[in-house]
Undergrad: 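Shown below is the structure under consideration.
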There are 2 protein chains.
Amino acid sequence: MAPPPPRRRDVTVSDVAKHARVSKATAARALGDYGAVSDTVRDRVQAAAEALGYRPNELARSMNTGKSNTIGVIVGDIENPYFGLAMRGISDAAKEEGFDVILVNTSEDVDAEIDAVRVLLDKRVDGLIVAPASSGETGHLRDVYNSGRPLVLLDRRVDGLDVDVIEADMASVAFEATRHLVDVGHRRIGFISTLDVKGPYHDGLDLRVSSVADRLQGVLGAQQEAGIPDPGSLVRFADGSAGIRPVARELLALPDAPTAIIASDSLIALAVLGTLQELGLRVPDDVSFVMFDDFEWTTLTTPPLTVISQPIYDMGVAAGKTVIARVQSRAVPERRAFQATLVQRESVAPPRASAGGAIEALSAS
Amino acid sequence: MAPPPPRRRDVTVSDVAKHARVSKATAARALGDYGAVSDTVRDRVQAAAEALGYRPNELARSMNTGKSNTIGVIVGDIENPYFGLAMRGISDAAKEEGFDVILVNTSEDVDAEIDAVRVLLDKRVDGLIVAPASSGETGHLRDVYNSGRPLVLLDRRVDGLDVDVIEADMASVAFEATRHLVDVGHRRIGFISTLDVKGPYHDGLDLRVSSVADRLQGVLGAQQEAGIPDPGSLVRFADGSAGIRPVARELLALPDAPTAIIASDSLIALAVLGTLQELGLRVPDDVSFVMFDDFEWTTLTTPPLTVISQPIYDMGVAAGKTVIARVQSRAVPERRAFQATLVQRESVAPPRASAGGAIEALSAS
DNA sequence: TTACCTTGTGAGTCCGGTCTCAATCAGCTA
DNA sequence: TAGCTGATTGAGACCGGACTCACAAGGTAA
């Protein structure tokens, strides 16, 4: 590796001005494209800038315009394809409007999120898109709001915070998916999500992530409507993605194991399917399976999976357009409620006649 | 939506200084944690800052320190899990060192990349990580180098540019994977990648993306070594992800269709597998399949897929650590050559005895 | 007591732009 | 020819911090 070139002093407006033999103010006007400048002078200044290789210092510019043309995005996990795709949407929307995006990954850690908000605010981003890790801690989100900078929540609401939220209607599609399972005969339906709550699920538990709460509400609601007793008993939360497989195993080892499982996102689905595979359980013969999010690989498994599809990219675009519209005090785009749909493929079938659990079914076959 | 709160003027050091009845310089010292300040004054200033809700303006700070504590990352497509995972690594490394990350997505468009480099340089990022869309246009990368700011290339080299590169050794695993196919009897091996080149592949074609060129070199090399004539005839490049399926179809419809296909990344693999599925071709019975990148879903297909695994996350971390080390003029971390490995699962089998192409095999069954 | 440090503090400059304001100048009107 | 108008231009303040420098106060050594 060659020695790095000396970091030369950058060319500034003053340098350009000197070279073009005009005042700094005039050069700045010609370069910044504001105020009035005669054509001849403008040309001379631009030629000088070209010759010197002048590049504006956006930091300095931001400092006195108060606009950084940058929005901050705070998500739990960009490795999660959900956020990868949403990020793509945000990024595309931002580019179209001439904005840049600072991305911060919090690993779903509230403290990291609080920190991220502070840092981005200090960096003077013009607006923020956050998928909040918890609806419990919201002081930092209020700070954003109070700073006067627009905040848009993605995928998750926070109660009592009156800001734009981009989310899909999860409760009704979860209801629909669950009723589909009930309709084909399932009475023991498991639901697995990742969430940092301690202890088993019980009525009235504060879920802290609205998108999960909504999904669960739909799942439970459909079962209650069907007269299934205590559907909450087959709900499980894993703390972090490493915890999913153990939780899935535990659920499937139950004497009254579920005959169908709903996975709350694609990462969970992957872990659950992996566990099923390890246990030698077949989908849908032994266990029916439904998952949230529709990525291409879900059509390539055997069988293709029944999924709940959300317009993730579009939601990302909407989030981007919305913050930027707010930043520019323009009317926000109309469309902010997104529809999720149940895509029926082949991972749902009637449960085995056997009354036993999944593992039991296995030994019976 | 309630009306946004008025964007109040931010609290500055001067405000804090006034409130604590000290000079601006002293307040700045107490807050910025530099220079000498007596304990009593420091406490008074910090109390005042607390009371006023002072937050430093990082823009102003960056302006005269010349450091923004921000690195720029330019990738072709964050929707691609490869970059999602790498981004996660970069992001984690950055956070550890107190850096933020500005992410720009170029859609693999060179002009967008040139623009992105300019914008990020103007924003005064301290360093840049780029997965260059082309080794052809490199002027903008030279500009980074000349600006004196460190540049790290991820996944792809650029000839004649003496900067740090984080990449895995693709040529040798590609060779190994291909020889594996040859060993089980394949003599017609297809290779599909996305790349913006016009016309069919021919010897000496400038591939412009080193990671693809390396893979191809290994693929072709193994076949040449085995005495397979004209292996280049089954190489196909699609222009953008939309073009993969047509290309795959064309390849499979050939009278001398390949009996095995190698997909150059996971997005391509998805499209190829989808096409295979549509055509009713089974893996590995009708066509053997090997792909680059090892994501969890590749174990859930039927059959599980033979893949080439790279330590993507670690490479992201290395890229992050490397730029930051350069920014701080520290020694760069030792490890910069990464090993990719062939993970044999069940998508490779001996070709059918039939001499015909894949489609022909279909009708024969 | 005087000289010499050391530590703490304030005044003011600088970073690289934007922006206000006053001055200059050419063209026109009366 | 004096007066007015609009277009250009330059001087300098300002954004919010970091940092240089001069100076004052207190402590120590000779």
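Lettering of chains follows the sequences in order, A, B, ..., and the numbering in each one begins at 1.
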Undergrad: Could you state the CZ-C1' distance from Arg21(A) to dG10(D), rounded to the nearest angstrom?
TA: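 Value for this atom pair: 16 Å.
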
Undergrad: Quick one: do Asp164(B) and Arg326(B) make a salt bridge, cutoff under 4.0 Å?
TA: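 Salt bridge flag = yes for Arg326(B) with Asp164(B).
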
Undergrad: Between the side chains of Asp92(A) and Tyr313(A), is a donor N or O closer than 3.5 angstrom to an acceptor N or O?
TA: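 Asp92(A) vs Tyr313(A): donor-acceptor pair found between side chains.
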
Undergrad: Verify, without hydrogens or angle tests, whether Asp126(A) (side chain) and Ser68(A) (backbone) share a donor-acceptor contact under 3.5 angstrom.
TA: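 Flag set: sc Asp126(A) to bb Ser68(A) pair under 3.5 Å.
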
Undergrad: Tell me whether Thr70(B) contacts the main-chain N or O of Val125(B) through its side chain, where contact means a donor paired with an acceptor under 3.5 Å.
TA: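 Side chain of Thr70(B) to backbone of Val125(B), a donor-acceptor pair under 3.5 Å: no, none is there.
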
Undergrad: One character per nucleotide, please: for nucleotides 16-25 of chain C, 5' to 3', B when the base has a protein heavy atom closer than 4.0 Å, S when only the sugar-phosphate does, - otherwise.
TA: BBBBB-----

Undergrad: Answer yes when Asp10(B) and Arg55(B) have at least one side-chain N-carboxylate O distance shorter than 4.0 Å, and no when they do not.
TA: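 No.
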
Undergrad: If only atom types and distance count, is the side chain of Ser23(B) paired as donor or acceptor with the main-chain N or O of Thr26(B) below 3.5 Å?
TA: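 Yes.
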
Undergrad: Any donor and acceptor pair, going by atom type alone, linking the side chain of Arg124(B) with main-chain N or O of Glu58(A) inside 3.5 Å?
TA: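 No; judged by distance alone, with no hydrogens or angles, the pair does not exist.
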
Undergrad: Keeping to residues at least two apart or across chains, list the side chain to side chain donor-acceptor pair (under 3.5 Å) pairs with something in residues 107-120 of chain B.
TA: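 Checked against side chain to side chain donor-acceptor pair (under 3.5 Å) - neighbours excluded - the pairs reaching residues 107-120 of chain B are Arg88(A)-Ser107(B), Glu108(B)-Arg156(B), Glu113(B)-His140(B), Asp115(B)-Arg118(B).
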
Undergrad: Has Ser23(B) got a side-chain N or O lying under 4.0 Å from the OP1 or OP2 atom of dG10(C)?
TA: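 Yes, Ser23(B) has a side-chain N/O under 4.0 Å of OP1/OP2 on dG10(C).
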
Undergrad: Would you work out how much the helix from dT1(C)-dA30(D) to dA30(C)-dT1(D) bends between its ends, with each end axis defined by five base pairs, to 10 degrees?
TA: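 The angle, to the nearest 10 degrees, is 60°.
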
Undergrad: What is the distance, to the nearest angstrom, from the NZ atom on Lys123(A) to the P atom on dG16(D)?
TA: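 One finds 19 Å between P of dG16(D) and NZ of Lys123(A), rounded.
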
